[in-house]
Amino acid sequence: MSDHQARVRFAPSPTGYLHVGGARTALFNWLYARSQKGVFVLRIEDTDQERSTEESTEAILRGMRWLGLDWDEGPDRGGDHGPYRQSERLEIYREALEQLKASGRVYRCFCSEEDLERRAAAVVDAGGHWEGYDGHCRSLSEEQIAAFEAEGRPAAWRLRTPDEGSTFWYDIVVGKREFQNDVITDRVVFKADGFPTYNFAVVVDDHRMGMTHVLRGDDHVSNTPLQLLIYEAMGWKPPKFGHMPMILGPDRKRLSKRHGAVSVEEFASQGIIPQAMVNYLALLGWSIGASGDEVLTIDQLVAKFSLKKVNSSPAAFDYDKLEHINSQHLKRMDADEKLALLLPILDDHGWRYDPAWQVAGVEEQEGYAARLIALLGGRFSSLQALPGQLEFFFTDDHAVDRQAWDDTMGDETVRQRVTALADALERQLASDGPASAADFEAVVRGLAEAEGLKAGDLIHPARVALTGQSRSAGMFEVMEMLGAPRVLARLRRAAA
RNA sequence: GUCCCCUUGGUCUAGUGGUUAGGACACCGCCCUUUCACGGCGGCAGCACGGGUUCGAGUCCCGUAGGGGACGCCA
């Protein structure tokens, strides 16, 4: 392990589920680590005692695993820089605070929340703008401090920030970023409750964990100058920073629940597969370049990933495109992968192959499922659509498109044709044993010719009669998969 | 309100001073076909605006407008 090895992290706070914004941040860090043969660390930022929950931590880990983003160091895995939950690192933060105290870069602030609110209100009443902490406790006398302490008044520690000059850094994504120091107020670094604030814990951890790059959402930009000042106060060399653009909803407002799914697990339940989610997220705010297929596996993404290609402007989340990427991944999967996806779906619905159907060349459930997949071909493009596409293969009590049914079967002539087709099939197919698609086709086309009809005049009614739908896979193959007994029964039922 | 950032078709984007401004999603049309989907072909549609710099600007500079973000003893 050399000093040059890239070390990056994803540091979620466990106050909810893994949402797309977090997933994208995690993904980019992960892609960077993997593409650089570096290390990806997962750290749980749970210093907020009120809001952090174990269920949330679990949900986030689940989301990460589902996406296939594995971490080299983290809670549950360990590593040389642990522990990986901030709540277990209190001693480390306290030591760091001691260092800050010794250097005189922090001071005690005895202001209560009410004090702060009152002063802020006063400023506003006077027609001004409260621009953050006013430095009230910055130069308390020894006596005052002693008095407050004697009272047992809780105190927080604030960082003394410079009033002049500027703090800047060269952002990996947008280039130079600069903030005037006078807009950076003396922020609390250690809360009165004995916990470090986010900005302090982050700096201590990123340094102690050897992070070389910090890639995070653009909503963290304004934290960066403060963090830089903390690095400086601690005498530490800061990592490189990169701020990635926000993900917006279709209406260009910050992406939220009202736009639709936002948690990774919600997408999963809507039939989005992880490779598609990863692929789409990677495309959002990043580009593989001028041309080429956008449908990429996670390995291809690793191979092509470059921080230089990360965009600087916010991008709107496009559910349609995600759906498209999803369908492309689904279609490109090999038969075994599709089977692994389909089998559980069939189980969920309680759909089992029945030998009485007499389907040519099929003996059991798996064989039947494999044949259905072949039959679906390019229609295997949506996990959500699958049940609707397959229901009629497993039960006679399947959904029926009422409109299509009435339009078709409402016609006396059509019903006669359906009956004629049933008669022909009964007559011409071997009385027992399975019939192939070719067998069905021969009968249908033969009847059409004999009756002076177009094949479609028989095929379309048959489709409605057999599937209840006006659209389906190839009719003769559908017949084969249904098996002659059921084909006959459904044709008779429809013509009745 | 203050500070910061962003701006190529409806959406994601390529583009790094000289291009008929390219691709993808969506949409429309045609072809394929037993329907639908897939696939193939074609189409609609874009450099926010105004000033500069330059022989020449989507590309550089300034401003305006629009959008986003941050202003916590939350993370």
Side-chain angles (χ1 to χ4, degrees), chain A residues 11-15 45-48 50-52 86 109 111-113 116 124 128-133 154-158 171 173-174 177-180 182-185 187-199 201-202 217-225 243 245-246 248 250 252-254 280 283-295 309 311-325 327-328 331 376-382 385 389 404 441 444-445 448 454-460 462-464 467 469-476 478:
Chain A
S13 60
T15 55
E45 310 220 319
D46 55 355
T47 52
D48 186 336
E50 309 254 306
R51 299 194 301 154
S52 299
Q86 293 189 323
C109 175
C111 299
S112 67
E113 201 177 320
L116 261 17
V124 173
H129 294 286
W130 174 256
E131 283 160 16
Y133 186 65
W157 289 89
R158 286 186 187 272
D171 197 280
V173 177
V174 283
R177 293 248 193 174
E178 181 171 25
F179 286 76
Q180 294 306 309
D182 59 13
V183 305
I184 306 170
T185 55
R187 300 285 294 277
V188 169
V189 118
F190 233 83
K191 301 183 254 183
D193 66 3
F195 280 78
T197 56
Y198 162 75
N199 283 111
V202 165
D218 195 62
D219 49 342
H220 282 284
V221 172
S222 58
N223 287 321
T224 306
H243 295 272
M246 301 280 85
L248 274 24
R252 304 220 123 249
K253 298 293 179 200
R254 190 178 194 147
Y280 178 68
L283 254 25
L284 211 52
W286 176 77
S287 160
I288 59 164
S291 61
D293 199 348
E294 287 187 331
V295 180
K309 287 292 192 175
N311 242 83
S312 57
S313 52
F317 196 92
D318 185 347
Y319 289 87
D320 283 337
K321 184 139 184 183
L322 204 213
E323 200 58 57
H324 172 257
I325 298 284
S327 68
Q328 288 298 322
K331 269 187 295 218
L376 251 24
R379 290 176 194 75
F380 193 96
S381 64
S382 163
Q389 289 171 299
E441 181 163 11
V444 173
R445 294 201 186 280
K454 287 181 293 183
D457 293 333
L458 292 174
I459 289 169
H460 298 306
R463 189 189 316 282
V464 174
T467 73
Q469 311 296 317
S470 57
R471 321 186 295 244
S472 77
M475 196 70 274
F476 308 120
V478 168

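Protein chains get the first letters and strands the later ones, always in sequence-line order, with residue 1 at the start of each. Everything quoted here is computed from the prediction, not taken from an experiment.
- Between the side chain of A:Asp318 and the base of B:A26, no donor-acceptor pair of N or O atoms lies under 3.5 Å.
- B:U11 and B:G29: their P atoms are spaced 23 Å apart (whole Å).
- Residues meeting the salt bridge (charged side-chain N to carboxylate O under 4.0 Å, His left out) test with A:Asp46, sequence neighbours left out: none.
- Distance check: A:Phe179 CZ to A:Ile184 CD1 gives 7.5 Å after rounding to the nearest 0.5 Å.
- Distance from the side chain of A:Arg177 is smallest for B:C5 among the nucleotides B:U35, B:C74, B:C5.
- Straight-line distance between the P atoms of B:G51 and B:U13: roughly 30 Å, to the nearest whole Å.
- Look at A:Asn311 and you'll find a side-chain N or O under 4.0 angstrom from OP1 or OP2 of B:A14.
- Taking atom C1' on both B:C60 and B:G23, the two are 26 Å apart, rounded to the nearest angstrom.
- For A:Gln180 and A:Leu283, each mapped to the nucleotide of RNA chain B holding its nearest heavy atom, the one lying further toward the 5' end belongs to A:Gln180.
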Could you pull out the protein-nucleic contacts involving nucleotides 27-34 of chain B (nitrogen or oxygen on both sides, under 3.5 Å)?
residue	atom	partner	partner atom	Å
B:U34	O2'	A:His460	NE2	3.4
B:U34	O2'	A:Arg463	NH2	3.3
B:U34	O2	A:Arg463	NH2	2.8
B:U34	N3	A:Met475	N	3.3

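- Here, B:U59 and B:U2 have their P atoms 29 Å apart, quoted to the whole Å.
- When heavy atoms are screened at a 4.0 angstrom cut-off, A:Thr15 is found touching no nucleic acid atom at all.
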Pick out the pairs of N or O atoms, protein on one side and nucleotides 60-69 of chain B on the other, that lie under 3.5 Å.
residue	atom	partner	partner atom	Å
B:G68	OP1	A:Lys253	NZ	2.7

Would you list the protein and nucleotides 39-50 of chain B atom pairs, both N or O, that sit under 3.5 Å from each other?
residue	atom	partner	partner atom	Å
B:G39	OP1	A:Gln328	NE2	3.3

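- Taking the C1' atom of each, B:A45 and B:A65 are spaced 23 Å apart, rounded to whole Å.
- In this view, A:Arg463 and A:Ser472 satisfy the side-chain hydrogen bond (donor to acceptor under 3.5 Å, both in side chains) rule, not counting sequence neighbours.
- For A:Lys309 and B:G15, the shortest distance from a side-chain N or O to OP1 or OP2 is below 4.0 Å.
- Taking the ring centroids of A:His324 and A:Tyr319, they lie at or beyond the 6.0 Å cut-off.
- Taking only side-chain nitrogens and oxygens, A:Arg187 never comes nearer than 4.0 Å to OP1 or OP2 of B:G72.
- With sequence neighbours excluded, the residues forming a salt bridge (charged side-chain N to carboxylate O under 4.0 Å, His left out) with A:Asp48 are A:Arg51, listed by chain and number.
- Residues passing the side-chain hydrogen bond (donor to acceptor under 3.5 Å, both in side chains) test with A:Arg445 are A:Glu441, sequence neighbours excluded.
- Distances from the side chain of A:Val188 to the nucleotides B:A14, B:C73, B:A24 place B:C73 closest.
- Nucleotides B:G9 and B:U35 are separated by 34 Å at their C1' atoms, to the nearest Å.
- Evaluation of the salt bridge (charged side-chain N to carboxylate O under 4.0 Å, His left out) rule for A:Glu45 yields A:Arg43 as partners, not counting sequence neighbours.
- For B:C36, its base sits under 3.5 Å from the side chain of A:Arg379 at one donor and acceptor pair at least.
- Comparing A:Phe190 and A:Val174 by the nucleotide of RNA chain B that holds the closest heavy atom to each, the one mapping nearer the 5' end is A:Val174.
- With both ends at atom P, the span from B:C27 to B:G15 equals 28 Å, rounded to whole Å.
- Rounded to whole Å, the separation between the P atoms of B:U64 and B:G43 comes to 41 Å.
- Residues satisfying the side-chain hydrogen bond (donor to acceptor under 3.5 Å, both in side chains) test with A:Thr185, not counting sequence neighbours, are none.
- Scored by the salt bridge (charged side-chain N to carboxylate O under 4.0 Å, His left out) test, A:Arg187 finds no partners at all (sequence neighbours excluded).
- Here A:Thr47 reaches the OP1 or OP2 of B:A75: one of its side-chain N or O atoms lies under 4.0 Å away.
- Partners of A:Thr224 under the side chain to side chain contact (heavy atoms under 4.5 Å, CB included) rule, at least two apart in sequence or in another chain, are A:Trp169, A:Arg216, A:Leu228, A:Phe241, A:His243.
- The residue A:Glu131 sits apart from the nucleic acid: no heavy atom pair falls under 4.0 Å.
- Note on A:Ser312: only backbone sugar-phosphate atoms sit closer than 4.0 angstrom, heavy atoms only; bases stay farther off.
- In a base pair of the Watson-Crick type (N1 to N3 plus N6-O4 or O6-N4) or a G-U wobble (N1-O2 and O6-N3), with each distance short of 3.5 Å, B:G63 is matched with B:C49.
- The residue A:Asp46 sits apart from the nucleic acid: no heavy atom pair falls under 4.0 Å.
- Partners of A:Lys321 according to the side-chain hydrogen bond (donor to acceptor under 3.5 Å, both in side chains) rule, which considers only residues two or more places apart in sequence or in another chain, are A:Glu294.
- Applying the 4.0 Å criterion to OP1 and OP2 of B:G72, one finds that A:Lys191 has every side-chain N and O outside that range.
- Taking CG of A:Asp320 as the reference point, atom CD1 of A:Ile325 lies at 12.0 Å (rounded to 0.5 Å).
- A:Arg252 has no carboxylate O lying under 4.0 Å from a charged side-chain N of A:Asp318, or vice versa, which leaves the two without a salt bridge.
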